[in-house]
Amino acid sequence: MLFPQATYIQRREALRQLVGNGLIVLPGNNESPMNYPANTYKFRQDSTFLYFFGQHRDGLVGVIDADTGREVLLGDEIDIDDIVWYGEVTSVEQMARECGVAHVAPAAAIREMVADAKKAGRRVHFLPPYRHETMLWLHDLLGIHPSRQRTEASTELIQAVVKLRLIKSEEEIAELERAAAIGYEMHTAAMRLCRPGVTEAYIGGTLEGIAASYGSNVSFQSIVSMHGEILHGYPSERKLEAGRLLLCDAGAETREHYCSDHTRTTPISGTYTQRQKDIYNIVVDCHDLALTHARPGVKWWDVHFAVCKLMTERLKDLGLMQGDTEEAVRAGAHALFLPHGLGHAMGMDVHDMEGLGQTYVGYDDEVRPSTQFGTASLRFARRLEVGHVVTDEPGIYFIPALIDLWRKGGTNAQFLCFDEIEKFKDFGGVRIEDDVLITPDGCRFLGEKRIPYHVDEVEEFLRNREA
Ligand code: GLY
Ligand code: MN
Ligand code: MN
């Protein structure tokens with residue numbers, strides 16, 4: 001457990017007040033088999049369970065009676081077999097004491113608790129599950145088929161959890177800073193290794209090893225690719241080639257699962273070519289522009305579109321776009337180059353709470369999602385508040401299949417100079433990403449040490465790295 005007991009007690013009390021009534025059921029995660037039952041993936045606790053109960057063991061369920069305030073931690077004690085193979089672990093009673101929960105019960109007791117609540121005509125609040133084990137468990141418990149669990153999940157509970165988890169406290173920010181510090185070590189290691197002949201897989205493996213060496217995990221599968229235009233290009237056995245760019249998007253999560261998420265795009269030869277600089281510097285300026293716009297009260301939607309407009313202007317200067325900037329952006333023409341959003345909320349999940357539904361996390365009554373290609377991938381758009389953490393991750397990608405498709409279909413043809421764009425089909429892609437904390441007077445990047453990204457800084461870093 002990371003934080004003082006009082007933190008978990010306050011969080012649960014706030015949740016109870018927000019939900020108002022009914023029985024809140026929050027299952028933790030179970031071990032999940034990889035290729036046979038006893039060979040499991042590394043255990044990863046559910047973030048919401050961890051947020052309210054702070055315990056890392058598998059097989060736990062937290063119940064909060066929103067009417068009475070009665071709280072129960074359910075779980076089975078381990079037996080001698082478990083002790084022989086895995087060693088002693090804290091008892092359920094001790095875990096409950098640690099996080100300030102008054103009652104414990106065996107895991108099976110959940111059936112009676114839920115049955116009693118239903119018999120009394122009370123609501124049973126649950127969150128949309130994302131693991132199949134949890135779906136089966138909920139099916140057994142509530143008789144709701146997995147295909148309906150997402151729509152029948154409790155909107156009140158989702159909104160309450162989002163409201164609490166979206167605002168990061170000082171103690172959470174300190175933990176996010178720790179994740180960013182590990183991210184710094186990962187990315188600067190990748191930049192030191194980025195030379196012709198080294199494989200993408202070697203760099204990817206090194207990054208993951210660094211995260212693991214801090215007792216930590218990566219916060220998502222690392223993206224390490226010379227094909228930066230593939231948004232989630234996982235590392236291959238390919239050797240890095242002189243003259244190309246390496247896009248590396250990777251992060252760590254601390255033991256308590258607070259995340260970092262950074263991207264750097266490094267010239268494999270040590271310096272950017274003029275053509276690479278032309279594109280790269282647009283992304284740098286878009287990245288820096290977000291910092292000057294983001295502050296409490298501003299919609300992230302507007303920051304995203306300020307970036308899209310700057311990108312369009314600069315692509316016009318390069319002869320890749322044309323026409324009226326406002327009109328081009330309204331039509332979504334920029335999405336040929338930037339088919340994703342400027343950023344997403346980040347916290348205990350790298351895409352924070354995405355499992356609860358992106359619309360609940362990133363949108364509200366005021367700011368509604370769009371279905372337009374590109375903007376539809378903007379995961380966060382609402383007005384910024386002090387304590388929000390969002391990623392700032394503009395990119396420019398030349399995706400040959402998308403260029404061909406739009407050219408053939410005449411999509412946004414009045415704004416796109418396809419003959420010029422064709423010449424960039426071998427370019428790849430550039431993305432620069434840092435994590436931004438919204439502060440009372442604006443915002444700042446998380447991480448004490450900045451991973452170099454301005455052209456001069458990157459080239460200097462590469463020049464001075466150890467052989
Ligand atoms: N790692 C995927 C992202 O940056 O959102
Ligand atoms: Mn990323
Ligand atoms: Mn990201």
Side-chain angles (χ1 to χ4, degrees), residues 44 47 130 166 168 176 179-191 200 203-204 207-208 210-211 216-225 227-235 245-254 257-266 283-284 286-287 290-291 294 300 303-304 307 335 337-358 361-362 369 374-381 384 388-397 399 428-438 443 445-447 450-451 453:
R44 207 299 189 178
S47 300
Y130 53 91
L166 212 45
K168 272 64 182 182
L176 288 163
I182 303 171
Y184 176 88
E185 296 303 327
M186 291 164 69
H187 278 274
T188 49
M191 290 172 74
E200 294 171 354
I203 295 178
L207 293 180
E208 307 210 350
I210 291 171
S216 169
N217 272 335
V218 286
S219 51
F220 58 95
Q221 243 189 91
S222 305
I223 295 163
V224 182
S225 179
H227 281 282
E229 79 282 8
I230 302 172
L231 300 184
H232 286 181
Y234 299 123
L245 297 170
L246 180 71
L247 188 148
C248 176
D249 180 352
E253 52 180 40
T254 62
H257 303 309
Y258 284 87
C259 299
S260 67
D261 184 7
H262 294 105
T263 307
R264 291 296 183 265
T265 309
T266 307
V283 181
V284 169
C286 289
H287 189 59
L291 273 188
W300 189 247
V303 183
H304 168 82
V307 162
F337 308 99
L338 174 63
H340 60 73
L342 180 61
H344 49 83
M346 194 192 73
M348 298 176 83
D349 307 302
V350 69
H351 287 187
D352 211 15
M353 297 175 275
E354 198 164 285
L356 304 185
Q358 181 179 304
V361 181
T375 316
S377 299
L378 179 61
R379 299 175 195 279
F380 192 85
L384 298 166
H388 280 172
V389 171
V390 276
T391 62
D392 169 19
E393 51 178 307
I396 294 182
Y397 314 93
I399 306 166
V430 173
R431 177 162 66 253
I432 303 172
E433 176 174 23
D434 285 291
D435 308 325
V436 175
L437 169 70
I438 305 302
C443 66
F445 284 144
L446 288 171
R450 177 109 348 275
I451 309 161
Y453 67 89

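Just so it is clear, the structure is predicted and the values come from calculations on it, not from any experiment. First listed ligand is number 1; within each ligand, the first listed atom is number 1.
Checked against the 6.0 Å centroid threshold, His351 and Phe220 do not count as a close aromatic pair. Checked against the 6.0 Å centroid criterion, the rings of His187 and Tyr453 do not qualify as a close aromatic pair.
Between Asp261 and Asp249 the shortest side-chain heavy-atom distance falls below 4.5 Å. Looking at Lys168 and Asp352, their side chains come closer than 4.5 Å, going by heavy atoms from C-beta outward. Under the 4.5 Å side-chain criterion, counting only non-hydrogen atoms from C-beta, Leu291 is in contact with Cys443. Side-chain contact between Thr265 and Val283: absent, with no pair of heavy atoms (C-beta onward) separated by less than 4.5 Å.
Contact annotation for Asp261 and ligand 1: only side-chain heavy atoms (C-beta onward) come within less than 4.0 Å of the ligand.
When distances to the Mn ion (ligand 3) are checked against a cut-off of 2.8 Å, His351 contributes no N, O or S atom below that limit. With a cut-off of 2.8 Å, the Mn ion (ligand 2) has an N, O or S atom of Asp249 in range.
For Glu393, the N/O/S atom at the shortest distance from the Mn ion (ligand 3) is named OE2. The nearest N/O/S atom of Glu433 to the Mn ion (ligand 2) is OE1. Nearest N/O/S atom of Asp261 with respect to the Mn ion (ligand 3) is recorded as OD2.
In terms of polar-atom proximity, Arg431 is not counted as a contact of ligand 1, lacking any N or O under 3.5 Å from an N or O of the ligand.
Heavy-atom contacts of Glu393 reach the following atoms of ligand 1: 3 (C), 4 (O), 5 (O) (cutoff under 4.0 Å). Those atoms of ligand 1 with a heavy atom of Glu433 less than 4.0 angstrom away are 4 (O). Those atoms of ligand 1 that come under 4.0 Å of a heavy atom in His232, given as number and element, are 2 (C).
Of the residues His388, His340, His344, the one that meets the ring pair (Phe, Tyr, Trp, His ring centres under 6.0 Å) test with Phe380 is His388.
When every heavy atom of His304 is checked against every heavy atom of Leu342, the shortest pair comes out as ND1-N, 3.1 Å.
For atom 5 (O) of ligand 1, the closest non-hydrogen atom on the protein side is His351 NE2, 2.7 Å.
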